[in-house]
Amino acid sequence: MFTSSQRNTELKDLPEFFTLADLSFVLGISKTTAYRMADQGRIPCIRLGKRIILSKSHLKQWIDAEIGFESQSTTTEDIENG
């Protein structure tokens with residue numbers, strides 16, 4: 001978890017693996033909401049005993065899917081051909 005002097009509000013500043021407390025700070029949601037979403041399977045996480053860990057790369061993929069962002073490259077020809 002971040003110390004108070006290390007806290008940043010951007011996803012890019014998170015380490016590769018982090019906690020729900022870190023996620024709640026970055027997203028501006030309560031820890032309770034973050035834990036509830038994890039318990040409901042609504043966010044990608046790994047359970048290690050009682051500890052819940054998140055992966056930054058999996059979280060980015062989840063966010064992209066939630067907002068409907070496709071990670072496919074588009075060429076100029078694709079755009080011109082509709």
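Only a predicted model underlies this, so the values are computations on that prediction, with no experimental measurement involved. Values below: all heavy atoms of this structure, side chains included; hydrogens, waters and symmetry mates excluded. Throughout, numbering of the chain's residues begins at 1 and tracks the sequence.
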Inter-residue atom distance [X].[atom1] - [Y].[atom2], 0.5 Å rounding:
X     : Y     : atom1 : atom2 : answer
Lys60 : Ser55 : NZ    : OG    : 9.5 Å
Cys45 : Phe18 : SG    : CZ    : 10.5 Å
Phe25 : Ser30 : CZ    : OG    : 14.0 Å
Asp22 : Leu11 : CG    : CG    : 11.0 Å
Ile52 : Ile46 : CD1   : CD1   : 11.0 Å
Leu23 : Ile43 : CG    : CD1   : 5.5 Å

Checklist outcome for this item: salt bridge (charged side-chain N to carboxylate O under 4.0 Å, His left out) pairs touching residues 32-46, sequence neighbours excluded, are Asp39-Arg47
Next on the checklist: I'd like to know if Leu54 and Ile29 are part of one continuous hydrophobic network [Ile/Leu/Val/Met/Phe/Trp/Tyr, side-chain heavy atoms within less than 4.5 Å].
Outcome noted: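 Yes: a chain of side-chain contacts under 4.5 Å links Ile29 to Leu54.
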Checklist entry - For the hydrophobic clusters of this structure (ILVMFWY residues joined by side-chain heavy atoms under 4.5 Å, transitively), does one cluster hold both Met37 and Ile63? => result yes
Next on the checklist: Using only atom types and a distance under 3.5 Å, with no angle test, would you say the side chain of Lys56 pairs donor to acceptor with the backbone of Pro15?
Outcome noted: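 No, the answer is negative, given that no donor and acceptor are paired below the 3.5 Å cut-off.
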